[in-house]
Amino acid sequence: MKLGPRYDPLKVEEEVMKFWLENDIYKKVKELNKKRGKVKLFRFLEGPPTTNGFMHVGHMRGRTYKDVTLRFWRMRGYWVWDQAGWDTQGLPVELEVEKKLGFKSKKDILKYGVDKFVQECQKLVDFYLKRWEEDSKRMGLWLDYENAYQTRHPRYLDTAWSYLKKMFEDGRIYKGFRVVAVCPRCETALSSHEVAQGYKTVEDPSFYFKLPLKDEENVYLIAWTTTPWTIIANEAAAVHPNETYVKIRVNQNGKEEYWILAKKRLEPFAKEVNLEEYEIVEEFKGEELIGKEYIHPLLEEVPAHKEHRKPNHTVIEGAIIRRRILKGKEEEIVKEIFVSMESGTGIVHMAPAHGAEDFEACKEAGVQMFRPIRKDGHFTEEAGKYAGMWFKDAEKQVIKDLKAKGLAVHVGKIRHEYPHCWRCGTPLMYYADEQWFIKVEDLRERLVNENDKVIWHPKWAYDRMKDWLQNARDWTISRERFWGTPLPIWTCPKCGYRIAVGSLKELKEKALNPEKVIDHHRPWVDEVVIRCPKCGAEMKREPYVVDVWLDSGVAHTAALRQIGKEDLWNLLYPYDWITEALDQTRGWFYTLLVTGVTWHGRVPYKRVLTQGHVLDAKGEKMSKSKGNVVWAKDVFEKYGVDPVRFFLSIKSSPWDSVRFDPKDINRFKRTLDILWNSVKFAKSYMDLDKWNLEKLKEGFKYLEPEDSWVLAKTNEYIEKVTEALERSAIHHAALALNDFINEIISHKYIALVRPRVWEEEESPSKLAAYSTLFTVLDATIRMTAPFTPFLAEYLYQSFQRSLGFEEESVHMLLWPEENSLYDPEEAEVVDELLEAAERILALRTERKIKRRWPLPEAFIVIKDREEAAEKREKVIGKDENGNPIIVEEKVYKPLPSESVVKKAAKVLGIYANINEVKVVSEPPLGEYDIIETPRLKVYVKVKLDEETKALGLAKEVIRRVQVMRKEMDLPLDYVVNKVKIYTPSEELKRAIERHKNYIAREVRAKEIEVNEKPLEGKKWDVEGNELIIVIEK
RNA sequence: GGGCCCGUAGCUUAGCCCGGCAGAGCGCCCGGCUGAUAACCGGGAGGCCGGGGGUUCAAAUCCCCCCGGGCCCA
């Protein structure tokens, strides 16, 4: 691999990829690390991407963090367990297939045939999985793809089943009710994710109605609802126990009535329903209402209500009880009151079958649920008058009936957000449905305690997780879908006995029709029946699949079983490090923890890095519907993988959201360009001098101060990058690398060392420069390897490897170690001199003195002990008035020795372009600019004088000859016979004569000839004067 | 309604955990170098550190309140 004139990421990556594949580098690195890492193990488990679409830049960000981290630990000599995995089942896949086939509802699937549908799902997964693998490899993510787990794999499914069987046998799985959002048209429950996608602003009735109290004549509770059809299923009324309620007297069509509602709501209520005259007759706390019975407003229309007994049709407390775990053992009982004083009347009508809060509050109060409606949105016979009606139609009828009975107060309109089916647009119906659960609530304390063992990056992610765990709910695992892990529970229709099956093999043994046992998946598994061991009837499978989060949630065990490495489980569990986006707190991080604790009794991971999301250039969330998704492939095919990886690493902290603007990529690519050029610079001179690794050691004998300085800086930056990567602060590591390459290597060191490598003969100074350059660049290339693996490989092959390194690949090297062959005192002095030099450069610009024109001299004085002391204020106590007593404290620093400063002085000369820099004990006389650094004072006249100008002009001439040499394509070390010069300017002539030898040396000419007559040659302009130059080879 | 995150130059951001001169990059302006050269380098202008209050000798940083944006939960 050759260093071309310019860093071309796409070319580099193509070549490196070829090299990796042809030489099987990944496998070799893996083997090497396995050998090296006998005891040092770094265990990683991938949170599986769902294979239902392409990789976008958000995925690429996470995958970059994964790769950076794994490569870093590999280079530190660890045996890295790099488990890859794919999430291949679940609703997301089904939805993509439905889209592909143009389906509108679940019924379409049944019509099409579940078997064919499931096969389509398999095909879709095959397609996207391949793309993901390709893109992942292309972006340099080194994971073990050959042994990647797939949640649809038979052995993986066996593991999921065995987990479910264990949960069943532990009594942790139960069937119960939960209120879910249902699309009555598609006849299916929607996940919260789907619900969130379908909010629409719609106009609904704002309906106020009366609930007549049973024991008090003419007294009514005033309730409010926007879904009047739920009154059919009303079973209670909820109030806020601590708010004040009022009883008002109103006149309704000549009849006196008493209405009860919250005091705070009275005014807005009166305004909305145009109630002008009323009188408050009583005030009381909401809790006094609790227990009062009312007569169901649709008692005649829905006779079933006549059978409902107390506490049904009573006032209950509008609160949900939550138990939270505080600091280990303590349990706090929190009442979440949901009765709002922002809208309605402060009396909330409760239909336990149609609201999550209603369901919970009624359960707590012992109110029985009543659900006279089917999942398809039509009322059942139990609904009396409304039987057979579509729920939205029943709404109008209910209002009409209540009006007729004098129980309607007001029908208004309200515009609000209401969830609709994102697929077919039908308003959703909240509906209490039978579901399967895994019991989690009793484990909250355990979960919190296990979470305490985990190190979260950043720290606040721990609090977020803890908050989630303290409020953990029983896990609804059943889904009425097709492409997923079937729930392996068989129920006897006759006696209700149930069994759980833990593997396909076990099913075959138990099945009455073992020939039907072909696949774990639906529809085949649905055919399998088992003889009931209790009554002998045929048991049938519960027709659900399980939540897709359970699939990935058992990856800590299922992955190993799938790939036949179960024996490693003891070694690998718990995993050292996992990382996914922030939203996985309630997703994968959570389900891993729950399955880990319920199955193996402990948390399956030790460290978690939570990532922020990638937003578009405007800061908006990327979504397919908005069309602002940026696909990873498009980006890395355009800019190259390494620049994108570097950009993603450096742009922001992993846990913050990041705006993705492709324009930013080139900004950081510049650093990679500079690295490329720096290596090229070093390599071209080393080649010229036939330098190689054998001379490395010798060079360290002759180190000069700037060498010591850059070696010290290198150590400093190695430490910074290492420390940052250890705590997953990937952006800090990348920023440090960025600064190191730009400021230390390019801006400073190369500028300082350039004259030394330009020397012709092999000198100790040059040897030292090469040894230093090599060491510094070697460390840098190693440190970039995790971030930009292709570029690092390319540079390694063309630099370290070509100069004598034996390792086949940069990824087989170890992480750079700190070097201690330099002189730290010299390094410190150089640091101060560079600081002074930068200030002189600022003065030059300010006074318009070109950097090319050398200043004649500068003097350095080492400060004395007192002068160099740092003053610091310190509080030593308080006086009698309580005011602090502050003393000035002096911190004395060791002063640099004169010999060291003398040796280092040239750094100031080179960097600030000063001809002579002297170290003196007394300040020079005259007017000087004085520049102070902590321990030094520099005296320099930043002024243009004749001497300076003459040398400056000589340099102008040199520069132009150099340009011509290059135009003539002369080799770097070619010595020309003669350079002839003509100029009419006396000043320029004098300057050339005066610095003739200097010019000759710099341009590698045997002779410089100044002519009196104009020449036939290249004409130049120097500060307004004509200059003609001829080069004779 | 609750929990958490974010708010720093025109733009993108570091610094905040652990208080001590507010630091970069891009863009803009001025300049240098010309054998790292389709490169490289120097300088400058530009900041109520979202707002208010508190703690402190000292607050971008710690505490409280508010405003704006986001994520999650209800």
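Numbered from 1 within each chain, the chains take letters A, B, ... in sequence-line order.
- Regarding A:Ile741, its CD1 atom lies at a distance of 17 Å from the C1' atom of B:C41, rounded to whole Å.
- The shortest distance between the side-chain N/O atoms of A:Arg586 and the OP1/OP2 oxygens of B:C73 is below 4.0 Å.
- Closest contact between the side chain of A:Arg670 and the listed nucleotides B:C71, B:C26, B:A36 involves B:C26.
- Contact between the side-chain N/O atoms of A:Ser684 and the OP1/OP2 oxygens of B:A36 is not found at any separation under 4.0 Å.
- Of the candidate nucleotides B:A14, B:U34, B:U12, B:A14 has the atom nearest to the side chain of A:His732.
- Across all strands shown, B:G7 pairs with B:C67; the Watson-Crick or G-U wobble distances both stay below 3.5 Å.
- Distance, A:Gln584 CD to B:C72 C1': 12 Å, rounded to whole Å.
- Between the side chain of A:Arg754 and the base of B:A36 there is at least one donor-acceptor pair of N/O atoms closer than 3.5 Å.
- The side chain of A:Arg959 places no N or O atom within less than 4.0 Å of a non-bridging phosphate oxygen (OP1 or OP2) of B:G32.
- Only the C1' atoms considered, B:G51 is 11 Å distant from B:G7, to the nearest whole Å.
- Residue contacts shown for A:Tyr685 are limited to sugar-phosphate atoms, with no base heavy atom under 4.0 Å away.
- In this entry the distance linking CD1 of A:Ile750 with P of B:G42 reads 12 Å, nearest Å.
- Going from the P atom of B:G44 to that of B:C71 covers 41 Å, rounded to whole Å.
- Counting non-hydrogen atoms under 4.0 angstrom, A:Arg965 reaches a base of the nucleic acid.
- Taking the side chain of A:Lys680 as heavy atoms from C-beta on, and the options B:U37, B:C41, B:C5, the nearest nucleotide is B:U37.
- Nearest nucleotide to the side chain of A:Asp656, out of B:A39, B:G42, B:A14: B:A14.
- Nucleotides B:C29 and B:G46 have their C1' atoms positioned 11 Å apart, rounded to a whole Å.
- Between A:Leu855 and A:Ile840 the shortest side-chain heavy-atom distance falls below 4.5 Å.
- Look at the C1' atom in both B:U12 and B:C49: the space between them is 16 Å, to the nearest Å.
- Between A:Trp676 and A:Phe799, the gap from one ring centroid to the other reaches at least 6.0 Å.
- Comparing the same atom, C1', in B:C67 and in B:G52 gives a spacing of 10 Å after rounding to whole Å.
- Using a 4.0 Å heavy-atom distance criterion, A:Asp463 is classed as making no nucleic acid contact.
- In this structure, A:Ile1031 and A:Val961 have side chains that are in contact, with non-hydrogen atoms separated by less than 4.5 Å.
- When ring centroids are compared, A:His613 and A:Trp655 stay outside the 6.0 Å threshold.
- If you check B:A38 for Watson-Crick or wobble pairing at under 3.5 angstrom, you find it has no partner at all.
- The interatomic distance linking A:Trp456 (CH2) with B:C4 (C1') rounds to 13 Å, in whole Å.
- Whole-Å rounding puts the A:Glu743 CD to B:G43 P distance at 10 Å.
- B:G50 sits 11 Å from B:C6 when the C1' atoms are compared, rounded to a whole Å.
- Between the CZ atom of A:Arg464 and the C1' atom of B:G3 there is a distance of 8 Å, given to the nearest Å.
- For A:Trp460, counting side-chain heavy atoms from C-beta on, the closest listed nucleotide (B:C4, B:C73, B:A38) is B:C4.
- Across every strand in view, B:C16 sits unpaired, with no contact that passes the Watson-Crick or G-U test at under 3.5 angstrom.
- Nucleotides B:A24 and B:A14 have their C1' atoms positioned 7 Å apart, rounded to a whole Å.
- With a 3.5 Å ceiling on both atom-pair distances, B:A45 lacks any Watson-Crick or G-U wobble partner.
- Under the Watson-Crick or G-U wobble criterion, with both distances below 3.5 Å, B:G1 is paired with B:C73.
- Taking the C1' atom of each, B:A22 and B:A9 are spaced 11 Å apart, rounded to whole Å.
- Summarising the geometry, the separation between CZ on A:Arg6 and C1' on B:A39 is reported as 10 Å, rounded to the nearest angstrom.
- Side-chain atoms of A:Glu580 come within 3.5 Å of backbone N or O of A:Gly47 as a donor-acceptor pair.
- Contact check, A:His613 against B:G70: no side-chain N or O comes under 4.0 Å of OP1 or OP2.
- Within 4.0 Å (heavy atoms only), A:Trp676 reaches no atom of the nucleic acid at all.
- Checked by atom type and distance alone, the side chain of A:Arg756 never pairs as donor or acceptor with a backbone atom of A:Tyr770 at under 3.5 Å.
- Using a 4.5 Å heavy-atom cutoff, the side chains of A:Asp467 and A:Asp463 are not in contact.
- Atom CD in A:Gln584 sits 14.0 Å away from atom OH in A:Tyr590 (nearest 0.5 Å).
- Between A:Gln470 atom CD and B:C4 atom P the separation is 11 Å, expressed in whole Å.
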